[in-house]
2 protein chains.
Amino acid sequence: MTAESRADHRPSATPPLTERQEARRRRILDASAQLAARGGFDAVQMREVAEAAGVALGTLYRYFPSKIHLLVATMQDQLQHMHTTLRKRPPAGAVPAERVAETLMRAFRALQREPQLADAMVRALTFADRSVSPEVDTVSRLTTAIILDAMGAEQPTPEQLSAVRVIEHTWHSALITWLSGRASIAQVKIDIETVCRLIDLTAPRRPAGR
Amino acid sequence: MTAESRADHRPSATPPLTERQEARRRRILDASAQLAARGGFDAVQMREVAEAAGVALGTLYRYFPSKIHLLVATMQDQLQHMHTTLRKRPPAGAVPAERVAETLMRAFRALQREPQLADAMVRALTFADRSVSPEVDTVSRLTTAIILDAMGAEQPTPEQLSAVRVIEHTWHSALITWLSGRASIAQVKIDIETVCRLIDLTAPRRPAGR
DNA sequence: ATCAAGTCTGTAACTTGTTCTACATTAGCG
DNA sequence: CGCTAATGTAGAACAAGTTACAGACTTGAT
């Protein structure tokens, strides 16, 4: 299988870390996720993360130059998980639009299990300013890869890529409205299904319903 | 009928303000917009807003219980402007989808003139947590009203309302990617046009088929 | 094994959002 | 008019993100 064509997600120009450094990084990310899962964005306090990870505050800041960087990296980490999980059990729908909607709903259910963690990650993602662009972009590319996987589009047209971008927009924004209690789970579902109709609209050839 | 009528954008249970209070509120909102226009989200510092508005810090917090509340209120204010401006020169497109896209692009161009102000308002909007839900909801209703106006849909179907919600999602999220420098103006335009195609899909009378 | 350069640690300081307190002013009402 | 509660003012105090720094520890090359 060509299962690793788009699978290289790590930032490219990172000098290799020693084993202990890799371990520190992991402890930090785990501590971050754990604190986030408990109390959301506000509960991820840099001093607490440092202490929980057994690392000095200055070190934490050397690894992640801001709280936002840390949480975006945490999201990267979680997305990685999700992506491999999804690859193991691909969506079953007959039509691309269905498969994408199913995939996103599966991801959504995963987030519902840890709503506080979702809160921390999504808020960080949308609050990120230019200094975090590369990292946010990595998250975005991961999300795109997941959606394209679900579509089964090897060679997406520019039109399809636009549709995917719009789907991502909707996905993020719908999550936010859900997290802030302004939309129900049912409404998020409807929004996702609605936007996925765009995929039919942009299929390379005629939609050819079956 | 209660004070909560469809076009009433002000929070309902607000005791009437005296003239001096109305003036203070206005000075605060103006100061906020001015500081935001200069340096974006970070430049809106509560002490500075208070000083610029000629008001004590405690008073500022009595009027707006947090920086996020303040910036969301600022957005409400600006949207109000935009709405009345748009009503004066309605979009000219022949088809609802075109008119909505035109309207959003007009709003987008307005934001481009004050990108820093846009940054402050949009970041506040998406960062807002549950405590700001009512205010964010007001902004959302205003946006919905603007889009429905452009569609010319007096009696929108539930399907159309879903489409409008998805358009709003795309609008907010596309703005964020633009503000953080991850998408070009051209790309935002494409995304808006792409999502507006959903309106055709959900028009009450459909084209042939299915 | 040794040395230089780079990393970590612990801790204090600084910034800005937010809260608190003590006092002054204002608004509404008898 | 004169009182009382609400509102406003000035400024200190507190919280959490971020930065700074001196000293200890790895690490990698010689």
Side-chain angles (χ1 to χ4, degrees), chain A residues 14-29 31-32 35-36 38-74 119-121 123-124 127-132 135, chain B residues 13-29 31-32 35-36 38-74 119-121 123-125 127-132 135:
Chain A
T14 309
L17 299 181
T18 73
E19 205 154 315
R20 307 189 58 195
Q21 287 175 322
E22 202 59 73
R24 266 191 209 102
R25 195 186 131 89
R26 181 107 307 278
R27 288 203 308 277
I28 292 172
L29 285 176
S32 164
L35 286 170
R38 216 169 273 313
F41 186 89
D42 293 334
V44 181
Q45 303 194 353
M46 299 304 268
R47 288 174 238 259
E48 291 215 22
V49 172
E51 186 178 4
V55 124
L57 190 57
T59 306
L60 172 52
Y61 273 94
R62 177 188 288 276
Y63 280 73
F64 302 97
S66 78
K67 173 170 174 171
I68 300 292
H69 282 84
L70 170 59
L71 284 171
V72 171
T74 304
D119 171 77
M121 297 189 306
R123 297 259 295 285
F127 191 63
D129 68 357
R130 298 180 115 86
S131 72
V132 204
E135 289 79 3
Chain B
T14 309
L17 299 182
T18 72
E19 205 154 315
R20 307 189 57 194
Q21 286 176 321
E22 202 59 72
R24 267 193 209 100
R25 195 185 133 89
R26 181 107 306 280
R27 287 204 308 276
I28 292 172
L29 284 175
S32 165
L35 285 170
R38 215 169 275 312
F41 186 89
D42 292 335
V44 181
Q45 303 193 354
M46 298 305 267
R47 289 172 237 260
E48 293 215 20
V49 172
E51 186 179 4
V55 123
L57 190 56
T59 305
L60 172 53
Y61 273 94
R62 178 188 289 275
Y63 281 73
F64 301 97
S66 78
K67 173 170 173 171
I68 301 292
H69 282 85
L70 171 58
L71 283 172
V72 171
T74 304
D119 171 77
M121 297 189 307
R123 298 259 295 284
L125 200 69
F127 191 64
D129 68 356
R130 297 181 114 84
S131 72
V132 204
E135 288 80 3

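Per chain, numbering begins at 1; letters A, B, ... match sequence-line order. Just so it is clear, the structure is predicted and the values come from calculations on it, not from any experiment.
Whole-Å rounding puts the A/Phe127 CZ to D/dG17 C1' distance at 12 Å. Computed from coordinates, the B/Arg25 CZ to D/dG8 P distance equals 13 Å when rounded to whole Å. Taking atom CG on A/Leu70 and atom P on D/dA16, their separation rounds to 16 Å, with Å as the unit.
Shown here for B/Met46 and B/Leu60, the closest heavy-atom pair between the two residues is O-CD2, 3.3 Å. Of all non-hydrogen atoms in A/Val44 and A/Ser32, the two that sit nearest each other are CG2-O, 4.0 Å. Counting all heavy atoms, side chain and backbone alike, A/Asp119 lies closest to A/Phe41 at OD2-N, 3.2 Å. Of all the heavy atoms in B/Val132 and B/Ile68, the pair that sits closest is CG2-CG2, 4.0 Å. Heavy-atom minimum distance, A/Ala120 versus A/Gly40: CB-C, 3.9 Å. Closest approach of A/Arg27 to A/Val55, counting heavy atoms only: NH2-CG2, 4.1 Å.
In the helix from C/dA1-D/dT30 to C/dG30-D/dC1, the terminal helix axes, each the rotation mapping four pairs' C1' atoms onto the next four within five end pairs, subtend 10°, rounded to 10°.
Less than 4.0 Å separates DNA chain D from at least one heavy atom of each of the following residues of residues 42-52 of chain B: B/Arg47.
Residues passing the side chain to side chain contact (heavy atoms under 4.5 Å, CB included) test with B/Gln21 are B/Leu17, B/Thr18, B/Arg24, B/Tyr63, sequence neighbours excluded. Under the side-chain hydrogen bond (donor to acceptor under 3.5 Å, both in side chains) criterion, A/Thr59 pairs with no residue at all, not counting sequence neighbours. Residues passing the ring pair (Phe, Tyr, Trp, His ring centres under 6.0 Å) test with A/Tyr61, sequence neighbours excluded: none.
In the 5' to 3' direction, nucleotides of DNA chain C lying under 4.0 Å from heavy atoms of chain A begin and end at C/dT7 to C/dA13.
Rounding to the nearest 0.5 Å places CG of B/Asp129 at 5.0 Å from CZ of A/Arg123. The CG atom of A/Leu29 sits 5.0 Å away from the CZ atom of A/Arg26 when rounded to the nearest 0.5 Å. In this structure, CG in A/Leu35 is found 8.5 Å from CD in A/Gln45, a value given to the nearest 0.5 Å.
With hydrogens and angles ignored, the 3.5 Å screen pairs no side-chain donor or acceptor of B/His69 with any backbone N or O of B/Glu135.
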Could you run down nucleotides 19-30 of chain D 5' to 3' and tag each one B, S or - for protein heavy-atom contact under 4.0 Å? B------SS---
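Within the nucleic acid shown, B/Phe64 has no heavy atom closer than 4.0 Å to any nucleic acid atom.
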